[in-house]
Amino acid sequence: MPALSCSATTCIYNKQELCSKGDIKIGGSNAHKPGETCCESFQERGQHAMTNSMASGMGCTNIAIDCEAQNCQFNESCKCTAGGIQISGSEACCCDDTKCSSFRCG
């Protein structure tokens, strides 16, 4: 599993720039650059009160990543094989405001 660092601190799963969800999904099936990807698992803090109470786990350094970005060189059968990835979106309000900064077209 890749090491994940996440700057989307407005996400309910973000715990000190790590993810507490357990797994995430990267969108962008036709992406050719990082800005055309997103973390589809993003949920804005405060928007989902019930989910907020369930997202109290610890952040994980390594996490399973399902990836729809077919053009990414790290995508093998819709799984991310990168050693580590960075999810960006420090002021994200929705998943479209996030991106996989580690995306490499190839």
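Numbering of residues begins at 1 and proceeds along the displayed sequence.
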Distance from [X] atom [atom1] to [Y] atom [atom2], nearest 0.5 Å?
X	Y	atom1	atom2	value
Arg45	Cys93	CZ	SG	13.0 Å
Cys11	Glu17	SG	CD	12.5 Å
Cys39	Lys25	SG	NZ	11.0 Å
Asn30	Thr37	CG	OG1	12.5 Å
Phe74	Arg104	CZ	CZ	6.5 Å

*Could you check if a side-chain atom of Phe42 sits within less than 4.5 angstrom of a side-chain atom of Thr10, using non-hydrogen atoms only?*
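Yes, side chains in contact.
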
_Are the side chains of Cys60 and Leu18 in contact, using a 4.5 Å heavy-atom criterion?_
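The answer is no; the side chains never approach within 4.5 Å.
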
For [X] versus [Y], what's the shortest heavy-atom pair and its separation?
X	Y	answer
Asn14	Ser7	ND2-C, 4.3 Å
Cys38	Cys95	CB-O, 3.2 Å
Glu40	Gly27	OE2-CA, 3.4 Å
Phe103	Pro34	CD2-N, 3.7 Å
Ala3	Asn62	N-ND2, 3.5 Å
Cys67	Cys80	CB-N, 4.4 Å

*Are any side-chain N or O atoms of Asn71 and backbone N or O atoms of Ala31, one a donor and one an acceptor, separated by less than 3.5 Å?*
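Yes.
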
_Sequence-distant partners of Lys21, salt bridge (charged side-chain N to carboxylate O under 4.0 Å, His left out), two or more places apart_ =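 Per chain and number, Lys21 pairs via salt bridge (charged side-chain N to carboxylate O under 4.0 Å, His left out) with Asp23.
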
_Remaining members of the apolar cluster that contains Ile87, side-chain heavy atoms under 4.5 Å_ =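 Other cluster members: Leu4, Ile24, Ile26, Ile63, Ile65, Ile85.
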
_If you apply the rule side-chain contact (heavy atoms from CB on, under 4.5 Å), what do you find for Cys19 with Cys6, and how did you get there?_
CA-CA 7 Å; Cys19 186; Cys6 180; 5.6 Å; no

*Which pairs count as side-chain hydrogen bond (donor to acceptor under 3.5 Å, both in side chains) when at least one residue sits in residues 74-95, sequence neighbours excluded?*
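Only Ser5-Gln86, Asp66-Lys79, Ser88-Ser101 qualify under side-chain hydrogen bond (donor to acceptor under 3.5 Å, both in side chains).
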
_Gln70 and Cys78: CA distance, side-chain angles, deciding distance, side-chain contact (heavy atoms from CB on, under 4.5 Å) verdict_ = CA-CA 7 Å; Gln70 297 296 318; Cys78 294; 3.3 Å; yes

_For Met58 and Lys15: C-alpha separation, side-chain torsions, deciding distance, then whether side-chain contact (heavy atoms from CB on, under 4.5 Å) applies._
CA-CA 7 Å; Met58 298 295 295; Lys15 306 291 182 197; over 6 Å; no

